[in-house]
Amino acid sequence: MKKYNFSEIEEKWQKKWEEAEIYRAKFRSEKKKFYVLEMFPYTSAQIHMGHVRNYTIGDVIARYKVMKGYNVLHPIGYDAFGLPAENAAIKHKVDPKEWTYNNISTIRRQLKKLGLSYCWEREVITCTPEYYRWNQFFFIEFFKRGLVYKKKSPANWCPSCQTVLANEQVVDGKCWRCGSIVEQKELSQWFIKITDYAEKLLDFSGIKNWPERVILMQKNWIGKSTGCEIVFHLVEINQPIKVFTTRADTLFGVTFLAISPYHPVVSEIIKKSPYKEEVKKFVEKVRKTSLSVEDVLKTEKEGIDTGISAINPANGEKVPVWIGNYVLMEYGTGAVMGVPAHDQRDFEFAKKYNLPVKIVIKNPEWEKIPEEIEAAYEGEGIMVNSGIFDGLESNKGKEEVCKWLERKRKGKEAVYYKLRDWCISRQRYWGTPIPVVYCEKCGIVPVKEEDLPVKLPEKIEITGKGKSPLENVEEFVKCKCPECGRDARRETDTMDTFVDSSWYFLRYASGDTENKPFDKKEVNYWMPVDQYIGGIEHAILHLLYSRFFVKALKDMGYVDFDEPFENLLCQGMVIKDGAKMSKSKGNVVDPEEMIEKYGVDTLRLFILFAAPPELDLEWSEKGIEGCWRFLNRVWNLNQKISEYKSSGNGNDKKLEILIHKTVKGVSEDIEKGFHFNTAIAKMMEFTNAITKMINEKNVSEIKLKEVWSKFIKLLYPFAPHISEELWEMAGNKNFLFFEKWPEFKEEILTEEKVTIVIQVNGKVRGKIEVPPGLKEEEVFNLILKDEKIARWIEGKEIVKKIFVPDKILNIVVK
RNA sequence: GCCGGGGUGGCGGAAUGGAAGACGCAACGGACUUAAAAUCCGUUGGGAGCUUGCUCCCGUGAGGGUUCGAGUCCCUCUCCCGGCACCA
């Protein structure tokens, strides 16, 4: 008997598939399409098990959908710009481009080894001028419509390296390379106005099936809150100041105002404050401290009395104005009303500085208003000490106070979002140059469309010192103003790589990309992506930015749909010994080694079988051996079947039911939630059962061969190489890829016999084999003859019987 | 703190409110072999009983509830994982 020689088989079919170009996607408007997409790999390293899992899931779906008759698009590309290339350049003196392309060729070779059904002709590499040119094009389109703008914003700055650091390069508030304390430095940076789309991004009605948690995470990230904008009056400065609150019902409990050290009015306050020096010192101190997340949390609430006072518009009361380090400038109005009795932060602040606590909402659990409280009461209640609003429910009070203020022109209803504009400036080399020119006369001028792309200069020196590597490239910086033609300077910031990944899926979906970002007609045909697959780590940024891009492009008339990804599957991590695979833990399993040892089909099968896609997958060498054994059994069974001779046909019907059951099970497992693990289990059950039947020699060879060829088709999306080989061995000349997925008939599934479970008082007391479709009475009469069951009913009063046809009979006795 | 998700054999994991533990791994027994590996055939949640292949009891984090019947639905608690977090 010939042994299962996986390496020979896999090499053979990968070559044949490539030669026949079977995966090339074609635009065919009359055919129903299916777009399967996996998040493209970052070109910083080799392929790891996480990628194998991601791409295998996509590949099964793609192959299955083709067999189901869809016109499938299944592309791949490389996320090729970004920091790692530049870091490698600094560390090992290699050219970022060379480094990136080396990695790409490794990754491409690995992907091909995995036997994935990609349309390679559509490969996208984001660091090519052919691609990033369109990043620049869209930037300018956005610019024209006021969707990009420049503003000062703090950036992480390492004073020793003299460079800007990305958030991930700041470790414990220190520079990852030299360990100096990272400072915040105000830099003028480019922003995309994603906040204009906050409301549209909160609308998920165009999405069919995303994990609930991803939608939730996006909603929280956007963070819409409806409340009231209230105008206080600053007495000594004689100007108004706005605060935002979601609890206008607590307005009468305000005992101070707290404003952010970054608030524009601070300079005015310093001028008028009786404690000028102290206030100035405090503000400077706060502004110096690092803004990293951990630090902010650790920082204790601190503030300083400015000596300035404000008038509460509700009751004309004068309250002190403080500057507080806990007031964010980036959210709301940069100033908050302090209500210690009903806000825990304000409470802590008030306790620390001995500010009064005034209760204006009565907790229903209180019998009377307490003299003192130990914590703020943030719940609902009845309004007290609130003038005309006394006795009103706080819930209603929120709106009533707001309306009342509106009539007095001292406030209005307002909506605020946590979402901030998207900073796309990177003071880095390896990215898309921002296509803008600075002219002394004309100011900020976008590069003309016909002059795109603004090419990234090659072979430049990257030291990691100084602001941006591009600033030192004279030929790049020096240019002419597109408007007036005078000497001008080029922008040296490059774009965030999230810009690249916000529309790559549109580029894939376009056959013709010669002189345009994509072909509208083709993109409208293929899009939206029917199934997107990737890691949960992109739940917010990448997915939100892509949604924004598509919505903005729709508004600009480039596309006709408004969601990029209709269905999303977030696959779990591949872990070993309970931890994510990583070099530092030394628990990495190299996919290529596994392919060498067991073959791709076995690797794919194991990775699909070991856990459902959305759960973490524990790597197990023993587990992969189990899948290896399964494929060998399939291989050996195939030989047995090809040599099988028998005239018996007693089990033909049973075999027919078995294959229909398997087809149904596998199809449904794929359809509802991609339960590949149970689909594979069903195929294993099938082979176990068919083995027995072959040994019994009671099936006809015609039936056996017919059923077996259906099974090979089921196996194909999971283990395509071996399936294709078996298919050919059976004498077929065509590729399995173009075969129709087997169908099942429900009526064949009605078996000759069903097992009815007999329960007495809900406990299983027996089971009987009967022909299907028996009535309750018939079943009951049968069990009376069955001693084992009957003795549980004997001498008891039958209260009632519950009967589920062909399934269960439960007899309730007393 | 807030918001999600989840606790099922020795392990990975199955179970439209209807036989808990499919399938795989590990383990054990047997066949083949001089022997081992590989392969094939069995057994395998825990406990008790005897006539040794059958009977009964217990069992899905803990406690309660709904139901003829709960891993599944409801309530309380507990532990684990993930996200967010001075967002006014």
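Labels below follow one simple rule: chain letters A, B, ... track the order of the sequence lines, proteins then strands, and each chain is numbered from 1.
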Pick base, sugar-phosphate or nothing for [X], based on heavy-atom distances below 4.0 Å to the nucleic acid.
| X | answer |
| --- | --- |
| A:Leu216 | sugar-phosphate |
| A:Asp346 | nothing |
| A:Lys800 | sugar-phosphate |
| A:Ser620 | nothing |
| A:Glu685 | sugar-phosphate |
| A:Asp616 | sugar-phosphate |
| A:Lys692 | sugar-phosphate |
| A:Ser260 | nothing |
| A:Gly623 | nothing |

Heavy-atom nearest nucleotide on RNA chain B for A:Lys767 versus A:Lys672: which residue maps closer to 5'? A:Lys672
When A:Thr678 and A:Thr755 are each assigned the nearest nucleotide of RNA chain B, the 5'-most assignment goes to A:Thr678
Counting distance only, does the side-chain N/O of A:Arg604 pair as donor-acceptor with the main-chain N or O of A:Pro717 below 3.5 Å? yes
Test side-chain hydrogen bond (donor to acceptor under 3.5 Å, both in side chains) on A:Thr602 and A:Tyr4 and set out the steps. CA-CA 12 Å; A:Thr602 295; A:Tyr4 168 39; 4.6 Å; no
Nearest to side-chain heavy atoms of [X], which nucleotide of [options]:
| X | options | value |
| --- | --- | --- |
| A:Val327 | B:C23, B:A19, B:A88 | B:A88 |
| A:Ala610 | B:G24, B:C41, B:G12 | B:G12 |
| A:Ile808 | B:G18, B:A88, B:A20 | B:G18 |
| A:Ala681 | B:C23, B:A88, B:C68 | B:C23 |

Per the glycosidic torsion and the 90° limit around 0, nucleotide B:G12 is anti
Decide yes or no, distance alone: a donor-acceptor N/O pair under 3.5 angstrom between the base of [N] and the side-chain of [X].
| X | N | result |
| --- | --- | --- |
| A:Lys622 | B:A26 | no |
| A:Gln759 | B:G18 | yes |
| A:Lys807 | B:U16 | yes |

Does [X] make a cation-pi contact with [Y] (under 6.0 Å, within 45 degrees of the axis)?
| X | Y | answer |
| --- | --- | --- |
| A:Lys775 | A:Phe780 | no |
| A:Arg547 | A:Phe204 | yes |
| A:Lys301 | A:Phe349 | no |

Base paired to [N] (Watson-Crick or G-U; both N/O distances under 3.5 angstrom):
| N | value |
| --- | --- |
| B:U55 | B:A48 |
| B:G42 | B:C28 |
| B:U33 | none |
| B:U72 | none |

Do any side-chain nitrogens or oxygens of [X] fall under 4.0 Å of OP1 or OP2 in [N]?
| X | N | value |
| --- | --- | --- |
| A:Arg629 | B:A38 | no |
| A:Trp792 | B:C56 | yes |
| A:Lys763 | B:C58 | yes |
| A:Arg765 | B:C57 | yes |
| A:Lys301 | B:C86 | no |
| A:Asn220 | B:G83 | no |
| A:Ser225 | B:A88 | yes |

Could you tell me if the side chain of A:Phe744 sits less than 4.5 Å from the side chain of A:Val666, heavy atoms only? no
Pair A:Glu330-A:Tyr262, side-chain donor/acceptor within less than 3.5 Å: no
